[in-house]
Amino acid sequence: MSELLIAGGRVVDPARGVDGRLDVLVREGEVVAVAPDLARGGSYERVLDASGLVVLPGLIDMNVQLREPGRSADETIASGAAAAVRGGFTAVAVMPNTEPAVDDEAGAEFQVLQGKRAGKAWIYPIGAVSRGLEGKALAELAGLKRGGAVAFSDGDRPLRSAEMLRCALLYAKMLDRVVVQHPEDYDLAKQGVMHSGRVSTILGLAGKSAASEQVMVSRDLTLAELTGAHLHLGRISTAGSLELIRVAKHKGVRVTCDVTPHHLSLTDEAVESFNPCYKVDPPLRTQRDVEALIEGVLDGTVDAIASDHAPHSPEKKDVEFQFAPSGVIGLETTLGVVIEHLVHGRGMPLTRLAELLSAGPARILGLPGGSLAPGAPGNVTVVDVDGAWTVGPEFVSRSQNSPFVGWTLRGQARYTVVDGQIAYAAEPAPAG
Ligand code: DOR
């Protein structure tokens, strides 16, 4: 029998309204009890001392690229799953922009199987909306669901056809799945390599305007309202997009959204260094946008924070800015950046942290977990909220394209428990 008692920590579980010093008992991979002083008088197969630490429902990253199949030099499911647990994540949802794209049942099944073989963070495929991510014909959505897909998306390629998105939303609604759209009007944005504004003008680089995101957000919200389906807008980066979403939510549109840690902590001024590690899609925006995103995170308009982990090997990424691929890794830094900037920096309560990185993603994708209710998966993240650490230059990820290398952050996973087993320990695992 596998049994683990996580003792003496501050359990923060907003889905159950729990915030206090409690013990968590996990048996055969399931939460069986969350109560005070379970450690007193009982004997357990393994005891993890969580005193002075925060115990959260296992964190879930709902927007990750792991590059398998097809680009294993950048990342594999095994290396990405190991990076995830080091970053405190017990489960990740994997985007279909692989080579070939994950657009059928077999592709989804393959990713699930690779995740089981890796034995680290749980892997949930997000299946392609369109065949081959070409935006022309719908993929086999029912087959993708059978294969384990928890959502449908064309990854970083926004669905340009409104009719294609309308049909996808209707099918997804029938299949009880969410459509994840990365909103960007391709024609407005296609030449841009950074945010279009003062900095791009000074640098002489072609820009992507805030409007190129907001135009698509507005169109997609109209389709969500028309179909009554659940639309999730990923990687929201502008103040204007967030205001459109806020109004839509108020009208009762079934829309959720996420933002990334880099859009909460960096602006387009970072591009003045021409370091390709600051080239991302959507691009880093202005301080006004950063402040608006933080406001949305604090006031509940934003439903989740997701890393948009986008590994690129050094050979590909370390080239002239305008020729570099977009994207940064984030599995190992998201928790630290969010705790440093929002918990310590803006006083965000830990209950909100748990909502954004666990309960929210679970609710949006309809996943088990997001809470430590008895019967929930034995996925638990034990966090040292005040421990300072320095990012990089080494990572568990196969790639190192992080914009946070050298940053000192307070907040990191001390233990990541998956299926009742300690999948990552920042210190030697406890004896016994
Ligand atoms: O900058 C990005 N690169 N953003 C995305 O959403 C996709 C990612 C990638 O796959 O490289």
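Whatever order the structure lists them in is the order used to number ligands and atoms, beginning at 1.
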Which one holds for [X] and ligand 1: side chain close, backbone close, both close, or neither close, with close meaning a heavy atom under 4.0 Å?
{"X": "Ala310", "value": "side chain"}
{"X": "Asp308", "value": "side chain"}
{"X": "Arg235", "value": "side chain"}
{"X": "Val328", "value": "neither"}
{"X": "Arg67", "value": "side chain"}

N or O contact, [X] vs ligand 1, cut-off under 3.5 Å:
{"X": "Asp281", "result": "yes"}
{"X": "Val280", "result": "no"}
{"X": "Asn97", "result": "yes"}
{"X": "Ser326", "result": "yes"}

Quiz item: With no hydrogens and no angle check, is any side-chain donor or acceptor of Asp154 less than 3.5 Å from a backbone partner on Ser130?
Solution: yes
Practice problem: Below 4.0 angstrom from a heavy atom of Gly327, which ligand 1 atoms are there? Numbered from 1 as shown, please. | Solution: 1 (O), 2 (C), 3 (N)
Exercise. List every atom of ligand 1 that sits less than 4.0 Å from any heavy atom of His312, numbering the atoms from 1 in the order shown and giving each element.
Key: 11 (O)
Self-check item: Reported CD-to-NE2 distance for the pair Glu213 and His182, which is rounded to 0.5 angstrom
Solution: 10.5 Å
Practice problem: Supply the atom-to-atom distance Asp303 CG to Arg363 CZ, rounded to the nearest 0.5 angstrom. | Solution: 5.5 Å
Exercise. May I ask you to check whether Glu75 and Ser79 show a side-chain donor-acceptor distance below 3.5 Å?
Key: yes
Quiz prompt | Modelled atom types, side-chain donor and acceptor of Ser307 and Asp61, under 3.5 Å | solution = yes
Practice problem: List the steps and the verdict of side-chain contact (heavy atoms from CB on, under 4.5 Å) for Leu159 and Val129. | Solution: CA-CA 8 Å; Leu159 284 163; Val129 167; 3.6 Å; yes
Quiz item: Should we count CZ of Phe110 as having more than 12 external heavy atoms under 6.0 Å?
Solution: yes
Exercise. Identify which one of His263, Arg285, Lys208 satisfies the side chain to side chain donor-acceptor pair (under 3.5 Å) criterion when paired with Ser237.
Key: Arg285
Quiz item: So which heavy atom in the protein is nearest atom 7 (C) of ligand 1, and how far is it from that ligand atom?
Solution: Asp156 CB, 3.4 Å
